[in-house]
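Worksheet: one structure, shown below.
We name chains A, B, ... by the order of the sequence lines, and we start the count at 1 in each one.
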Amino acid sequence: MNIRVRFAPSPTGHLHIGGARTALFNWLLARKEGGTFILRIEDTDVKRSSPEMVEDILEGLQWLGLDWDEEPYYQSQRFEIYRSIAGQLLETEGAYRCFCSPELLESKKQKARAAGLDWRYDRSCRELSEEEIQEYLKAEEPFAVRFKVPHKQKVHFEDLVYGPIDVETENIEDFVLLRSDKTPTYHLCVVTDDTQMNISHVVRGADHLPNTSKHVLLYQALDEPVPFYVHLPLILGPDKKRLSKRHGATSVLEYKKQGFLPAALKNYLVRLGWSPSDDQEIFTEEDLIAGFDIGRINKANALFDPQKLEWMNGQYISTATPEELAPEVKSLLKEEKLWDEAWEDKGRDQFLGILELLKSRAKKLTDFVDMGRPFFSDEIEYEPKAIRKNLSFADPAEAANLVAALEELSGAYRKLEVFNLENIEKILREVGERHSLKGGKFMGAIRVALTGKTASPGLFDVIVTLGKDKTVERLGKVPSLLQ
RNA sequence: GGCCCCAUCGUCUAGAGGCCUAGGACGCCGCCCUCUCAAGGCGGUAACGCGGGUUCAAAUCCCGCUGGGGCUACCA
């Protein structure tokens, strides 16, 4: 079977977590089966769609590496096609003209609601006589085209995730296909396009489950084959509510900005609603494509957990090589004005060494900037907390002792020919002992002097990486920092 | 309200009648490693919503309830 799937976002909003997951599942299915993944921009709502959002969606997909086949389709360029299908349905009496004005419908709706009744279009235009219709037409009354939902029938379809679903047509409204301004609605467009684009599997969010019966009816009226349906459980916010701006409803590009890796985000997303047959959590892209299986998609909605995403991202950063991380970190450093072109050539090894030191500690790419500041910049920010903890002494004698020890250490380092890990540690421990300073205490003070922080990579690594000159210089600043 | 869907640790999930004393992952807690913080290693915490059936046997099948979600637009 020739698998053709589509991701069909509406550019009325950003490409958010939920949309990205839908795109990912479509993409995985296509790539696994050697099928085709197409992108279709559903911009039929001219008022609410915007080119900026189209741009956001394309960029987001590109960032995630969800490459589409064929040129993207834009529904706004296909209005004539939808109109002709609507015309066809009018002819075959699968649809009818509705002359009710939106205002009239709104007031009917209000009234019904006030009376505590549930409202569905009352089909008052469905039985209009030919004369009445001609009269309206002659008067150039605007009309919408509504689908003629068959009476007392059962609509049935099989969803590959949710199984068999049956709905009584009595519960389905005569929905609008063409608005009175002649623009087509979603229902008409999806069915038309999925048919014309030969879509084999409709993979979309479960929020479309109630729409599906309408679509099946449309296929039947058009005498077209119904595609396979694969509805995906919804991703809800940590508060069990629909994804909102506070969590995942922001653009995936926001995650990029926050220092997430596309591979990590994809990996996290794929586990929302899908699980492998074993306990694997981290997947290479090849694993994912090979192991993806519609049969293992879950039915229950999932809650978005930012903590697990961070963990996942940290895993990807930890296992990445410094070379792989370098380009991303470079651009972040550039933004912060911390980038030095020397890192690209003669300082390259040192730069990579810094990344190596930090990567197991970083959860996000932006952490390289925060944690790496002492290495990338000479302007050290001394955390007040760090000074308080490691450079504060009630007893002046203690402070003097520390200063003396640091002076001795600086002197010894200055004279040190081979400034390597082994020698550095040996000297430091000796000096500490000579001044009766406990290892932790001494090193804590040095850590603050060198990095301004309470936490850093291993101190000896820091010293070697910083190099003799910077180490000595920073150690010399301690007296002015003491409290 | 009506219609549709769903229901295993706080979260993501494994589980397709006996393999379940319910497994893994995140988080949280503790220990180890240790110069701090991570990473890593080890251990712990914690769940089958409730009630009826069916069956020798039910987390797994059926029904009801409860709870949650979605849809209910001339939005998509």
Taking side chain to side chain contact (heavy atoms under 4.5 Å, CB included) as the definition, give me every residue that meets it alongside [X], ordered by chain and number, with sequence neighbours left out.
{"X": "A:L482", "result": "A:L391, A:F393, A:A399, A:L402, A:V403, A:V478"}
{"X": "A:S101", "result": "A:E103, A:L104"}
{"X": "A:K453", "result": "A:P374, A:E383, A:T451"}
{"X": "A:Q88", "result": "A:I85, A:L222"}

How far does the [atom1] atom of [N] sit from the matching atom of [M], given to the nearest Å?
{"N": "B:G44", "M": "B:G49", "atom1": "C1'", "answer": "26 Å"}
{"N": "B:A58", "M": "B:U21", "atom1": "P", "answer": "12 Å"}
{"N": "B:C48", "M": "B:A59", "atom1": "C1'", "answer": "5 Å"}
{"N": "B:A14", "M": "B:U60", "atom1": "P", "answer": "15 Å"}
{"N": "B:C50", "M": "B:U36", "atom1": "P", "answer": "46 Å"}
{"N": "B:C74", "M": "B:C63", "atom1": "C1'", "answer": "42 Å"}
{"N": "B:G17", "M": "B:C12", "atom1": "P", "answer": "25 Å"}
{"N": "B:A25", "M": "B:C33", "atom1": "C1'", "answer": "23 Å"}

Below 3.5 Å between N/O atoms, which protein atoms pair up with nucleotides 58-63 of chain B? Just atom names and distances, please.
none

Answer with base, sugar-phosphate or nothing: what part of the nucleic acid does [X] contact at a heavy-atom distance below 4.0 Å?
{"X": "A:K363", "answer": "sugar-phosphate"}
{"X": "A:L105", "answer": "base"}
{"X": "A:C100", "answer": "base"}
{"X": "A:T44", "answer": "sugar-phosphate"}
{"X": "A:S10", "answer": "sugar-phosphate"}

Scan for salt bridge (charged side-chain N to carboxylate O under 4.0 Å, His left out) pairs involving [range], sequence neighbours excluded, and state none if there are none.
{"range": "residues 154-172 of chain A", "result": "A:K154-A:E168"}
{"range": "residues 292-312 of chain A", "result": "A:E281-A:K308, A:E310-A:K364"}
{"range": "residues 437-449 of chain A", "result": "none"}

Starting from C1' on B:C74, measure out to OH on A:Y96 and report it in whole angstrom.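 After rounding, the reported distance stands at 13 Å.
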What is the distance, to the nearest angstrom, from the CG atom on A:L232 to the C1' atom on B:G69?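 Taking CG of A:L232 and C1' of B:G69, I get 15 Å after rounding.
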Test: [X] cationic atom under 6.0 Å from [Y] six-membered ring centre, within 45° of axis:
{"X": "A:R21", "Y": "A:F25", "value": "yes"}
{"X": "A:R97", "Y": "A:Y136", "value": "no"}
{"X": "A:K363", "Y": "A:F260", "value": "no"}

Residue-level proximity of residues 313-325 of chain A to RNA chain B when a heavy atom falls under 4.0 Å: A:Q315
At under 4.0 Å between heavy atoms, which parts of nucleotides 4-24 of chain B does protein reach? Answer with one letter per nucleotide, 5' to 3': B base, S sugar-phosphate only, - none. SSSS---SBSSS-------BB
Taking only N/O atoms, report every protein-nucleotides 33-36 of chain B pair under 3.5 Å with atom names and distance.
from  : atom 1 : to     : atom 2 : distance (Å)
B:C35 : OP1    : A:R429 : NH2    : 3.4
B:C35 : O2     : A:R447 : NH2    : 2.4
B:C35 : N3     : A:L459 : N      : 3.0
B:U36 : O2'    : A:T454 : O      : 3.0
B:U36 : O2     : A:R447 : NE     : 3.4
B:U36 : O2     : A:S456 : N      : 2.7
B:U36 : O2     : A:S456 : O      : 3.1
B:U36 : N3     : A:R447 : NH2    : 3.3
B:U36 : N3     : A:S456 : O      : 2.6
B:U36 : O4     : A:G458 : N      : 3.2

Might you list the N or O atoms of the protein lying below 3.5 Å from N or O atoms in nucleotides 43-49 of chain B, with each pair's distance?
none

